[in-house]
Amino acid sequence: MENRKVRVRFAPSPTGPLHMGGVRTALYNYLFAKKNGGDFILRIEDTDTDRFVPGAEQYIIEALKWCGIEPNEGVGFGDGPYAPYRQSERKEKGVYAQYAKQLIDAGHAYYAFDSKEELDEQRKKFDALKKNFSYNAITRLNLKNSLTLSAEEVKNKIDAGETYVVRIKIPADEEIRFQDIVRGWVVVNASQLDDKVLFKSDGMPTYHLANVVDDYLMKITHVIRGEEWLPSAPLHLMLYRYLGWEDVMPHFSHLPLLLRPDGNGKLSKRDGDRLGFPVFPLDWEDPITKEKSSGYREKGYFPEAFINMLALLGWNPGTEQEIFSVEELCKVFSFEHIHKAGAKFDPEKAKWFNEQFLRAKPDAEIANHIRTSVKNHFQFNDDDRRLSDSFLNRAVQLLKPRVQFENEMIEKGNYLFTAPTVFDEQAIAKKWKDGCKEFFESLKETLSSLDEFTASNIEPTFKECAAKNNQKPGDVLFLFRILLSGQGGGVDLMGMAELLGKEEVIARITKGLLVIAK
RNA sequence: GGCCCGUUCGUCUAGGGGUUAGGACAGCAGAUUUUCAUUCUGUAAACACGAGUUCGAUUCUCGUACGGGCUACCA
C-alpha cells in the first residue's frame, strides 16, 4: 500500500460557486500530489439532484484553471483511466448499487422503509423527552426495516414499488479509531454513530457511500478535505472495513477551517458582502436568484498572490519565507506544518500579498496588462503615445510603489494620462505667494530651452530658476506638482515631468496658471 | 443537548520542559523623500484558566472555560 502512486482528489459538489476554503482544499491536494509526483483528480459529487446548480461545475473548473492548480485527471481536465468522474454518471453505470448489495448480503447494511414523515415524528417524540433521535442499533429495532420485517414482507414491499433506503448497520458498541495525518489518533465509539443512509430512495448513493466507493475504485491514496468531514470519517472507515478494503484505505487529513475575520464562525458568503472582500475566486451570479458575488480575479488579484495567501492560511513552510510561487510551494509543502486550529481570514494581508507580487512583476508586463483599460478609460486612439511601451512602462514604474493592484494605477495615476481640470485649492492657498506667477513664467522659458528633458536635468534647472526668482524650492516644488497633477501628492515629481514631456509640462503650467493664479 | 476537534501578540503563525517566546500583516514613533507613497529604523503587543507530573512547564497529563465542526434520504 505504501508503495502506491500518490493519488488525491478534490471532490466538490456543484451546488454553487467554489468558496475560497474549497480552493484551499484543492490547493493542498494539488501541492501534495505535485510534491510526491502523484495525480490530482477532480471528481464532481453531484449525488444531490435537489441542490444541483447549473453552471457551478463550469465555475469550479474555471476557478481551478485561473488559480493554476489544474487536475491532471477528471471532469473538465481530460478523462483518465477511471472515467467517468461525475458521480451521477457513475451511478448510471451502476457503480454503486453492487456495493450496496454486497453490504446487505454481508449483513452490514439493510433496507429501511420509514418515510421522512415517520422519521420526523420519531425526532419530535425524542425532542419532547429531551433526547436525540438517532437511527441506530437500539432504535432500528422499532422501525420499519429489513431487520424487523420478515424477508417476505421486505420482498413484497420492494416488489410493490415501495420506496426504501439502504442504511449501514453500525454495531452497538465498538471502538473505532483511525489516524489522521494532521490530528493524530481519533477515537470514537460506534454507539455515537448512526445508521447513515447509503442509498437514497431516488436511487442515488449518498456522499458517504459514493465517496468511499470512488476513492477505492480510483485508487486514491490520501483524502485531504475540510474539518467538517472529521465526524463522518469513522463511518467511512467502517465502510472500508465492511467492503473489505481496509488494507488500501486512504490516509486521512482533515484541514482546519477558514474562519471569518471578525467575530467567530466559519467564513461564509455573507461575510464577504458585509466586510467588502471576495469569498470566491471568480465573480458569480446565481442563475436562479440572480444574486451576485464578487471574485478575487475580478477584484484585480493575481492568481499567484491569491494562491500564496491561501497556502499560508493554515500551513507554514517552517521558515520565515512568505512569498512563494506555486512551483516553490510544490517543493516545500508537507502535512507536518499544517496548523490544527481554524484560521481567521485577514483581507488586509491578502492585499499585502498582491502588493508583493505586483512589485516583483516587470513593468512591461504590468503595462501590457493595463494597456487596454487605459485606452478605454481615457478613450485614447491606438496610436496615442500614452499607450506606447516607453510611456506606459515608465508610468507603471512611477505608480508601482503606490498601489497594491494593477487596476488602481488608472485612478491613482489619472494625471499622468490626462491634464488636471481641478486643482487642490486649499493646498495652493497655503503656498501661493507674490512672485509665484513670475517664477512659473520664467520656469516655462527655462524649461523650453532644455535640450534633454529628463528628470536629472529638470531638477537642477528648476532649483536654479527658483533661486533666481528668490523662491523657496520647497514651496514652488509643491506648487509645480499641483500645476502638473492638480493634487498635492503623487508620484515622483521630476519623473512625472520627464514622462509628460516638455510640451505637455509647459502646456500644463500655462493652463494651470490661468486657473489658479490670482 | 450529545459527539468530535481546537486554543501562542488584534490577525496569520514559529517554537517547544530551562528562550530576552521569533517572524509577517495591521498599529504607533522616528529617519529619508521639502508633501503623499515607497524605503529604512525603532516600538508596543501573546503562551485562556486551574490542578497534576517535574528541580523547573507556555511546552506533558487531567479538568474547566471559550471557540469551531458535526448531529438530514446535503455534501
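Only a predicted model underlies this, so the values are computations on that prediction, with no experimental measurement involved. First the proteins, then the strands, lettered A, B, ... as listed; each starts at 1.
- Classification of A/E355 and A/K351 as a salt-bridged pair fails, no side-chain N sitting under 4.0 Å from a carboxylate O.
- Closest to the side chain of A/R123, from the set B/C73, B/A75, B/C25, is B/C73.
- Side-chain proximity of A/H339 to the nucleotides B/U8, B/G68, B/U35 is greatest for B/U8.
- When heavy atoms are screened at a 4.0 angstrom cut-off, A/G314 is found touching the sugar-phosphate backbone but no base atom.
- When each of A/A341 and A/V403 is assigned the nucleotide of RNA chain B bearing its nearest heavy atom, the one mapping closer to the 5' terminus is A/A341.
- Using a 4.0 Å cut-off between charged nitrogen and carboxylate oxygen, A/E57 and A/R86 count as a salt-bridge pair.
- For B/A24, its base sits under 3.5 Å from the side chain of A/K349 at one donor and acceptor pair at least.
- For a distance-only test at 3.5 Å, the side chain of A/R183 fails to qualify as a donor-acceptor partner of the base of B/C5.
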(request) Begin with the C-alpha distance, continue with both residues' side-chain angles, and end with the deciding distance and a verdict on ring pair (Phe, Tyr, Trp, His ring centres under 6.0 Å) for A/F357 and A/F302. (result) CA-CA 8 Å; A/F357 279 84; A/F302 293 118; 7.2 Å; no
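- Here B/G2 presents its C1' atom at 15 Å from CG of A/L129, a figure rounded to the nearest Å.
- Ion pairing between A/K124 and A/D127 fails under the 4.0 Å rule for side-chain N and carboxylate O.
- The side chain of A/R51 has B/C74 as its nearest neighbour among B/C74, B/U35, B/C70.
- Residue A/D424 is out of contact with every strand shown, counting any heavy-atom pair closer than 4.0 Å.
- Salt-bridge formation is not detected for the pair A/K269/A/D271: no Lys NZ or Arg NE/NH1/NH2 atom is positioned less than 4.0 Å from an Asp or Glu carboxylate oxygen.
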(message) Apply salt bridge (Lys or Arg N to Asp or Glu O under 4.0 Å) to residues A/D346 and A/K344 and explain how you reach the verdict.
(response) CA-CA 6 Å; A/D346 179 3; A/K344 274 189 191 172; over 6 Å; no
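- Among the atoms of the strands shown, only primed sugar atoms or phosphate atoms (P, OP1, OP2) are found under 4.0 Å from some heavy atom of A/K340.
- Against RNA chain B, the stretch residues 16-25 of chain A makes no heavy-atom approach under 4.0 Å.
- If you take CG of A/D346 and P of B/C12, they are 8 Å apart, rounded to a whole angstrom.
- For the pair A/P256 and A/P205, nearest-nucleotide mapping onto RNA chain B gives the more 5' position to A/P256.
- When heavy atoms are screened at a 4.0 angstrom cut-off, A/S232 is found touching no nucleic acid atom at all.
- In this structure, A/S146 OG and A/R140 CZ are separated by 10.0 Å, a value rounded to the nearest 0.5 Å.
- Here A/R225 lies out of heavy-atom contact (under 4.0 Å) with every strand.
- Rounded to an integer number of Å, the gap from NE2 of A/H254 to P of B/C5 is 12 Å.
- Residue-level contact check: A/V165 touches the bases, meaning some heavy atom is under 4.0 Å from a base atom.
- Counting to the nearest Å, the C1' atom of B/A75 and the CG atom of A/L230 are 16 Å from each other.
- You'll find that the side chain of A/S13 is closest to B/A75, out of B/C70, B/A75, B/G2.
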